[in-house]
Amino acid sequence: MIVKSGSAEWTGSLKEGKGTVSTQSGALDAQPYGFNTRFEDQPGTNPEELLGAAHAACFSMALSNLLGAEGITPGRIETTSKVTLEKKGEGFEITRVHLVTQIVADAEESVLMEVAQKAKTGCPVSKLFNAEVTMDATIG
């Protein structure tokens, strides 16, 4: 079993308060976030962006692993995970996650697309989401 952690600290009310987010590895160390970075498009991080980065990283690793099982070594995999947050009733909900990936590998397009679909549903972060997870993939 592998256990990794992230942490957050928050002080103050929702709109006026401020927080910091950190990771066990120190890659993020007291990175600021707040209402304005999440809902008002101000500079700084937010939970959806962090989920997107984690999802893109996880998917890319899963895709590389599955390609390797097919005897294919990718030259490059570039992935963005777009996480949609919408107001639902009295609160907010992540309603959609869309992967956009570009795969550069010496293999038939149909094989790459099939493996990409398997990675989309099989990566551990994809399995975490209850939201619809979709994907656009390009080759080359």
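Values in this document were obtained by computation on a predicted structure and should not be read as measured data.
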Undergrad: T84: what forms a side-chain hydrogen bond (donor to acceptor under 3.5 Å, both in side chains) with it, not counting sequence neighbours?
TA: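 Result, side-chain hydrogen bond (donor to acceptor under 3.5 Å, both in side chains) vs T84: none returned.
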Undergrad: Show every side chain to side chain donor-acceptor pair (under 3.5 Å) that has at least one partner inside residues 44-67, sequence neighbours left out.
TA: R38-E48, T45-E49, H55-S81, H55-S126, S60-T79
Undergrad: Who passes side-chain hydrogen bond (donor to acceptor under 3.5 Å, both in side chains) against S5, sequence neighbours left out?
TA: Q24
Undergrad: Under the rule for side-chain contact (heavy atoms from CB on, under 4.5 Å), what residues qualify as partners of T73, not counting sequence neighbours?
TA: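 For T73 there are no side-chain contact (heavy atoms from CB on, under 4.5 Å) partners, ignoring immediate neighbours.
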Undergrad: Return the set of residues passing salt bridge (Lys or Arg N to Asp or Glu O under 4.0 Å) with E78 (not counting sequence neighbours), or none when no residue passes.
TA: R76
Undergrad: Could you list all the side chain to side chain donor-acceptor pair (under 3.5 Å) pairs where at least one residue sits in residues 28-37, not counting sequence neighbours?
TA: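 Pairs touching residues 28-37 that pass the test: none.
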Undergrad: In chain order, what residues pass the side-chain hydrogen bond (donor to acceptor under 3.5 Å, both in side chains) check against E16, with sequence neighbours excluded?
TA: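 Here the qualifying residues are S13.
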Undergrad: Kindly write out the residues that satisfy side-chain hydrogen bond (donor to acceptor under 3.5 Å, both in side chains) with Q117, not counting sequence neighbours, or none if the list is empty.
TA: none
Undergrad: Write out all pairs satisfying salt bridge (charged side-chain N to carboxylate O under 4.0 Å, His left out) with one or both partners inside residues 64-74, taking only residues at least two apart or from two chains.
TA: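 Every candidate salt bridge (charged side-chain N to carboxylate O under 4.0 Å, His left out) pair involving residues 64-74 fails, so no pair, neighbours aside, qualifies.
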Undergrad: Mind checking what makes salt bridge (Lys or Arg N to Asp or Glu O under 4.0 Å) contact with E114, not counting sequence neighbours?
TA: K118
Undergrad: Please enumerate all residues that pass ring pair (Phe, Tyr, Trp, His ring centres under 6.0 Å) together with F39, with sequence neighbours excluded.
TA: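 Per chain and number, F39 pairs via ring pair (Phe, Tyr, Trp, His ring centres under 6.0 Å) with F35, F92.
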Undergrad: Pairs in or reaching into residues 104-126: which pass ring-ring contact (aromatic ring centres under 6.0 Å, His included), with residues at least two apart or in two chains?
TA: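 Applying ring-ring contact (aromatic ring centres under 6.0 Å, His included) to every pair that reaches into residues 104-126, excluding sequence neighbours, yields nothing.
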